[in-house]
Amino acid sequence: DAGVIQSPRHEVTEMGQEVTLRCKPISGHDYLFWYRQTMMRGLELLIYFNNNVPIDDSGMPEDRFSAKMPNASFSTLKIQPSEPRDSAVYFCASSSRLDGPYEQYFGPGTRLTVT
Amino acid sequence: AQSVTQLDSQVPVFEEAPVELRCNYSSSVSVYLFWYVQYPNQGLQLLLKYLSGSTLVKGINGFEAEFNKSQTSFHLRKPSVHISDTAEYFCAVSVGNFNKFYFGSGTKLNVKP
């Protein structure tokens, strides 16, 4: 398996622009997680899905952030409008109850820089 | 709320020396415990996990960890480190529905020649 795939690997954008991060989980996995990693706050869970349904979005910082999972093989994390404080590395991870229990496989991350 | 504390933000050590990275957690219920490693510019990779049974868990790359319920600790050890072990190490806990992970702040291991 190719593992969790994220795109783009690097994104540089200007404040106020819309940013879309993409994730393809491991085939057959039924859980998908979005994390944000910064020096100040470490690794934070933003949201996670089970069978394409958002289960817990309590970590989403504010309304500028939204995440979708239209099907089992694709998810997006959107920031609109972006701000410099959104600069971070965003990770996607997936897991499966069948592989149990609950080991999460991480993608390589997207490094976002908002200027 | 659950919390995971990694007491050392950085640990410098010479090659072939032993190392211990400390992790403590707060939870009054059963937990699953994990150690992940992150190499520069990469995602996190699972080193080892404690689910149940033997409190001494062996993982990849010669690492092991011991679950101590009374001390609520899950320290990571390696008897002899290599330059290639230089990375950041994260301790994580999952409780309750076991899908939500709580990560520590990370410990940067710097192995010197």
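Naming convention: chains lettered A, B, ... in sequence-line order (proteins, then strands); numbering from 1 in each chain.
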**Report entry** B:L44 portion near chain A, given a 4.5 angstrom heavy-atom threshold
**Finding:** both
**Report entry** is_close_aromatic(B:F103, A:Y35), centroid dist under 6.0 Å
**Finding:** yes
Report task. Heavy-atom pairs under 4.5 Å with chain B are the metric here; pick the option from A:A93, A:P108, A:G42, A:C92 that has the most. Result -> A:P108
Query raised in the report: Can we say A:R111 and A:E11 salt-bridge, meaning some charged N sits less than 4.0 Å from an Asp/Glu carboxylate O?
Result: no
Query raised in the report: Which region of A:R9, side chain (C-beta onward) or backbone (N, CA, C, O), has a non-hydrogen atom less than 4.5 Å from a non-hydrogen atom of chain B, or is it both or neither?
Result: side chain
Requested in this report: Heavy-atom distances under 4.5 Å only: say whether A:S58 touches chain B with side chain, backbone, both or neither.
Outcome: side chain
Query raised in the report: Thinking salt bridges, do B:K112 and B:E15 make one under a 4.0 Å N-O criterion?
Result: no
Query - Check: B:Y89 ring centroid to B:Y36 ring centroid under 6.0 Å - result: no
Query raised in the report: For the ring pair B:F67 and B:Y50, is the centre-to-centre distance below 6.0 Å?
Result: yes
**Report entry** chain B contact via A:E44 - side chain, backbone, both or neither, heavy atoms under 4.5 Å
**Finding:** neither
Report task. Under 4.5 Å, heavy atom to heavy atom: which of residues 60-70 of chain A reach chain B? Give them by number, or say none. Result -> none
Query raised in the report: Going from CG on B:L33 to CZ on B:F101, what distance comes out if it is rounded to the nearest 0.5 angstrom?
Result: 10.0 Å
**Report entry** Flag, side chain of B:Q42 to backbone of A:G109, donor-acceptor distance under 3.5 Å
**Finding:** no
Query raised in the report: For B:Q38, is it the side chain, the backbone, both, or neither that has a heavy atom closer than 4.5 Å to a heavy atom of chain A?
Result: side chain
Query - Residue pair B:T107 / B:Q6, side-chain donor-acceptor N/O under 3.5 Å - result: yes
Query raised in the report: Any side-chain donor-acceptor pair under 3.5 Å between A:H29 and A:S94?
Result: yes
